[in-house]
Amino acid sequence: MSVPNPLRAYAAVTAAYWAFMLSDGALRMLVLLQFNSLGFSPIQLAWLFLLYELAGIVTNLAAGWLAARFGLAATLYGGLALQIAALAALAQLDPGWGVAASVAFVMAVQGVSGVAKDLAKMSSKSAVKLLAPTEAGGLFRWVAALTGSKNAVKGLGFFLGAALLALAGFEAAVWGMAGVLAVILLAVVRFLPAGLPGRMKAEEAWAGWRSNDPRVNRLSLARMFLFGARDVWFVVGLPVYFQAVLSDGTPEGRREAFFLIGGFLALWIIAYGAVQAFAPRLLGAKGQAEADTVRKAIRWAGYLVPIPFLLAGAAWAAAEPAPWLTATLIGGLLLFGFVFAISSSIHSYLILAFGSAERITRDVGFYYMANAAGRLIGTLLSGLSYQIGGLPLCLATAGMMALASWLAARRLRDQPLGGNIR
């Protein structure tokens with residue numbers, strides 16, 4: 001499975017992933033802010049993203065097989081091409097359509113984008129397992145660098161999407177992103193070195209899509225609840241709350257709110273990505289035993305639990321938007337992001353440490369299927385909990401998901417460590 005010039009291959013994969021995640025973050029913010037400004041309710045906004053998340057569940061299972069059958073380069077190119085198609089389709093949205101038609105159309109386009117995102121993610125993360133150097137701590141540092149930089153770029157995409165919506169409008173923004181991504185795809189096809197691994201014999205490719213290593217399955221369960229805890233407040237609840245607080249309802253007020261909301265969410269994700277990238281140094285993970293990393297995964301999952309519950313209590317005590325509540329939310333969610341980033345980075349390392357090189361695409365695909373399931377649950381609960389109980393219920397629901405993630409992570413202690421179980 002050796003690759004000529006692995007550093008060049010890693011750089012090309014990382015560049016493609018960066019370009020994709022920039023467009024992904026911008027597209028999410030464009031859709032959220034555009035339709036919120038058109039008067040869509042929180043639950044209707046959640047519906048716009050449900051097929052995006054549902055597609056990830058199916059895609060991650062199939063993507064592992066596709067990469068095993070056709071190679072990681074093919075699935076990476078496919079993800080980029082599908083995202084371009086999704087952007088081009090979204091530009092055809094007619095403002096004159098009714099609510100039902102608009103929701104159905106955007107859901108379908110977001111579903112294609114969800115397939116694209118998970119093809120690109122699975123390809124990039126699996127490639128790191130096969131390209132990373134073998135010295136102590138090398139895998140953790142390389143996957144942390146890819147994941148952290150990806151999230152920083154996605155954060156920039158959130159701000160880019162809000163800025164493009166305010167300055168250029170929805171349709172021009174979507175067409176511009178499609179054009180740039182097409183140029184990136186051509187460049188990656190041109191410069192990605194030949195021989196990127198991942199392909200295996202056809203008769204071996206589909207067998208055993210689900211991991212038979214209990215550690216992978218238990219880590220995947222913890223991952224599902226971890227990302228559910230984030231998306232419960234992140235997808236609908238907080239942006240809708242901030243837009244209600246920051247916008248006075250005028251076109252100028254809405255544009256100002258777009259910049260402020262996009263800027264905050266962008267800074268949150270950029271800071272979260274930076275923490276992920278530096279997680280190996282923060283944890284002192286070089287040369288550390290696998291069992292020590294598992295203990296840290298459990299510990300940091302526990303640190304996350306009280307934060308959303310405390311914020312929910314503050315929102316309940318305030319009863320209505322207030323400056324002190326907004327300041328408390330910003331500070332609390334920055335702390336949430338720090339702890340979440342450490343937990344997520346440990347998970348991203350452990351799935352590659354647990355997985356074997358022979359079936360890494362399928363183990364990673366199954367793990368990211370659980371990740372997508374968590375986002376799907378979190379997205380649905382975000383709109384539902386906010387519509388039923390406002391911000392307090394939204395944040396309390398995030399706390400319950402964080403608690404479930406910690407309980408799932410604790411079960412990793414029940415398995416022998418130090419080698420794949422087959």
Side-chain angles (χ1 to χ4, degrees), residues 25-49 151 154-167 170 173 229-272 307-308 310-338 340 375 378-379 381-399:
L27 180 58
R28 176 172 285 262
M29 189 55 56
L30 277 168
V31 170
L32 179 66
L33 296 179
Q34 170 74 357
F35 284 92
N36 187 46
S37 68
L38 293 176
F40 279 42
S41 69
I43 193 64
Q44 287 171 334
L45 292 173
W47 273 104
L48 295 178
F49 298 104
N151 283 308
K154 185 172 183 177
L156 180 60
F158 271 69
F159 180 75
L160 177 65
L164 287 173
L165 182 61
L167 298 175
F170 185 77
R230 182 198 68 176
D231 281 8
V232 164
W233 64 263
F234 187 84
V235 173
V236 173
L238 194 72
V240 170
Y241 170 82
F242 276 156
Q243 190 153 0
V245 169
L246 297 173
S247 175
D248 59 8
T250 65
E252 294 77 13
R254 284 197 297 270
R255 280 196 295 271
E256 183 178 347
F258 290 164
F259 276 109
L260 292 173
I261 295 167
F264 173 74
L265 294 179
L267 289 174
W268 190 90
I269 297 178
I270 290 169
Y272 153 61
I307 300 172
L310 291 172
L311 293 176
W316 178 80
E320 61 183 21
W324 72 265
L325 175 61
T326 302
T328 300
L329 288 173
I330 291 172
L333 293 174
L334 288 174
L335 178 60
F336 182 101
F338 178 83
F340 178 87
R375 295 197 311 266
T379 297
L381 290 178
S382 184
L384 191 62
S385 62
Y386 193 90
Q387 186 144 329
I388 293 173
L391 193 61
L393 181 58
C394 190
L395 290 167
T397 304

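What's counted below: heavy atoms across the whole structure, side chains too, no hydrogens, waters or symmetry copies. Just so we're clear, the structure is a prediction, and the values are computed from it rather than from any experiment.
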Shortest non-hydrogen pair, G237 vs S382, comes out as N-OG, 3.2 Å
One should read off an interatomic distance between F35 CZ and L30 CG, to the nearest 0.5 angstrom, of 10.5 Å
Only residue of T326, I261, V240 satisfying side-chain contact (heavy atoms from CB on, under 4.5 Å) with V245 is T326
Heavy-atom closest pair (G399 atom, P308 atom, distance to 0.1 Å) is CA-CG, 3.4 Å
Nearest heavy-atom approach of S385 to C394 is OG-CA, 3.4 Å
The reported gap from CD1 in I330 to CG in L311 (rounded to nearest 0.5 angstrom) is 11.5 Å
- Message: Tell me if the aromatic rings of W268 and Y272 count as close, with their centers under 6.0 Å from one another.
- Response: yes
Taken to the nearest 0.5 Å, the spacing of L391 CG from Y386 OH works out to 6.0 Å
ask   = Do F234 and F158 have ring centroids that are under 6.0 Å from one another?
value = yes
* Asked: So, the side chain of W233 versus the backbone of A398: is there a donor-acceptor pair under 3.5 Å, distance only?
  -> no
**Q.** Close side-chain approach of R28 and V235, heavy atoms under 4.5 Å
**A.** yes
Here the pair of heavy atoms bringing E320 nearest to L325 is O-CD2, 4.0 Å
Between L165 and Q34, the two heavy atoms sitting closest are CD1-OE1, 3.4 Å
So CZ of R230 and CZ of F336: to nearest 0.5 Å the spacing works out to 8.5 Å
Rounded to the nearest 0.5 Å, the CZ atom of F159 sits from the CD1 atom of I270 at a distance of 9.5 Å
CG of L384 to OG1 of T397, rounded to nearest 0.5 Å, is 8.5 Å
Scanning both residues in full, the closest heavy-atom pair of A173 with L164 reads CB-CB, 3.6 Å
inquiry  = Can you confirm whether T328 sits close enough to W324 that some side-chain heavy atom of one is under 4.5 Å from a side-chain heavy atom of the other?
reply    = yes
Checklist entry - If we only count heavy atoms from C-beta on, is the F340 to I307 side-chain gap below 4.5 Å? => result no
